[in-house]
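These notes are about the structure you will find just below.
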2 protein chains.
Amino acid sequence: MTTSRRSGDSLPKRAHLHKVFDEYLSQLGLRQTRQRKIILDAVLSSGRHVDAETISNEVKKIDSSIGLATVYRTLKMMTDSQILVERHFGGDRASFEFADQGDEHHDHLICNQCHDIVEFYDEELEKRQELVAKNLGFVLKSHKMELFADCANSENCKRKNLK
Amino acid sequence: MTTSRRSGDSLPKRAHLHKVFDEYLSQLGLRQTRQRKIILDAVLSSGRHVDAETISNEVKKIDSSIGLATVYRTLKMMTDSQILVERHFGGDRASFEFADQGDEHHDHLICNQCHDIVEFYDEELEKRQELVAKNLGFVLKSHKMELFADCANSENCKRKNLK
DNA sequence: CTCTTTGCAAATCTTTTGCATGCTT
DNA sequence: AAGCATGCAAAAGATTTGCAAAGAG
């Protein structure tokens, strides 16, 4: 039982995330601003893994006065508010993705050739990890797993230039 | 079939790694230098996961004239030569660890309480990962997997302060 | 001798911060 | 109004690179 999908879905979760973020702001006495809404929308409409610069570029298309520093500050807040998670794949730039919403957990397979990222979820792996941890005397709480692989057929490989 | 061990082994692999590195250099027409030997020794005698600055500090104890740039350049060469692997845990600094030597592959389980790292190897997980990749149309080449867990019994938990 | 290395400093790159000004509440 | 936010530019931190001098084969 393995499920997968490539980057780039989008559901009516847009409203949900805006709400979660707004509530987070209210609770801390922070303010809802034009730029924060724009940045969240940009993240929502961008790919699954985005870096600050990409977001900044998107945001500038809508309001060129919004500075890079604000993007960084806002991405950090969204991370604090638990709607985003910060990851470090390659090494240099940080990239952000939406945090798992309830049961939406997934892992990553990264193509060695085009560096495209395929997300997948495999029940067997999840169960086995839990068992392994248990056998070592622990209770599994979370994990991070990335598979690095070569394309078996070119159809899968987009040869995208993500950088 | 799961095997495990705690951090901190060390075999007479020192000589082996020096040899591997030297051969790598020879093959590319590069030179064996005093600083390169010193840097490799520093990595060998440091902990399991080291960053450039840590190595630089160690190296300076032996020869204070060795510059940080040389350390970076050398770590990169050691990564190219396959004796080291570069990892990005926290985010900012890169950290290096020795690459798996032949069959020594392992994954990490990190204790949420004491942050001790237990290394393990599980055949089932390895096989399943291969299968998952294959089903997604890829050929698995390597992976990175970290399990984060709570101690089930205190005996396992060393409450070590590994920084 | 020739070509690689090195150390130093300057350059990059990404991310953070200080500050005066502009906006939400 | 009062206090958070923003934009800009400068600062920081990690890693890289240019260059002339030093070293390995």
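So that the names make sense, note that chain A is the first sequence line, chain B the second, and so on, each numbered from 1.
One can place CG of A/D92 at 12 Å from C1' of D/dT16, the figure rounded to the nearest angstrom. The nearest whole Å value for the distance from the CG atom in B/N57 to the P atom in D/dA14 is 12 Å. Rounded to a whole Å, the CG atom of B/L75 is 17 Å from the C1' atom of D/dT17. The separation between A/R34 atom CZ and D/dC4 atom P is 20 Å, rounded to whole Å. Across the protein-nucleic acid pair, A/H88 atom NE2 and D/dA14 atom P stand 13 Å apart, rounded to whole Å. Atom CZ of B/R73 and atom P of D/dG23 are 15 Å apart (whole Å). If you take NZ of A/K60 and C1' of D/dT6, they are 12 Å apart, rounded to a whole angstrom.
The distance from atom CG of A/N135 to atom CG of B/D122, rounded to the nearest 0.5 Å, is 8.5 Å. The NZ atom of A/K60 sits 7.5 Å away from atom OG of A/S65, with the distance rounded to the nearest 0.5 Å. Summarising the geometry, atom CZ belonging to B/R31 is positioned 14.5 Å from atom CG belonging to B/D22; distances are rounded to the nearest 0.5 Å. The distance from atom CD1 of B/I55 to atom OG1 of B/T74, rounded to the nearest 0.5 Å, is 10.5 Å.
Counting heavy atoms of neighbouring residues, nucleotides and ligands inside a 6.0 Å radius, atom NZ of B/K134 does not exceed 12 of them.
Between B/Y72 and D/dT15 there is a side-chain polar atom (N or O) within less than 4.0 angstrom of OP1 or OP2. Not one side-chain nitrogen or oxygen of A/T70 sits closer than 4.0 Å to the OP1 or OP2 atom of D/dA5.
Shown for residues 23-31 of chain A: residues whose heavy atoms fall under 4.0 angstrom of DNA chain C, namely A/R31.
For B/A99 against B/Q82, the heavy-atom pair with the smallest separation is CB-O, 3.1 Å. Closest non-hydrogen pair, A/A52 versus A/V71, comes out as O-CG1, 3.8 Å. Scanning both residues, A/M77 and A/Y24, for their nearest heavy atoms gives O-CE2, 3.9 Å.
Within the nucleic acid shown, A/R36 comes within 4.0 Å of sugar-phosphate atoms alone, with no base atom in reach, counting heavy atoms only.
Of all nucleotides in DNA chain C, those with any atom nearer than 4.0 Å to a heavy atom of chain A start and finish, going 5' to 3', at C/dT14 to C/dT25.
Using a 4.5 Å heavy-atom cutoff, the side chains of B/D107 and B/E126 are in contact. In this structure the side chain of A/V50 never reaches within 4.5 angstrom of the side chain of A/E58, judged on heavy atoms.
Nearest-nucleotide mapping onto DNA chain D: of B/Q32 and A/D63, the residue sitting toward the 5' end is A/D63.
In this structure, the nucleotide among D/dG25, D/dC8, D/dG13 sitting nearest to the side chain of A/A69 is D/dC8. Here D/dT6 is the nucleotide among D/dA14, D/dT15, D/dT6 with the atom lying nearest to any side-chain atom of A/Q35.
Terminal axes of the helix from C/dC1-D/dG25 to C/dT25-D/dA1 (five pairs each, C1' rotation axis) are separated by 30°, to the nearest 10°.
No side-chain donor-acceptor contact under 3.5 Å links A/T54 and A/N57.
The aromatic rings of B/H106 and B/H108 lie perpendicular to each other, with more than 60° between the two planes, well past the 30° mark.
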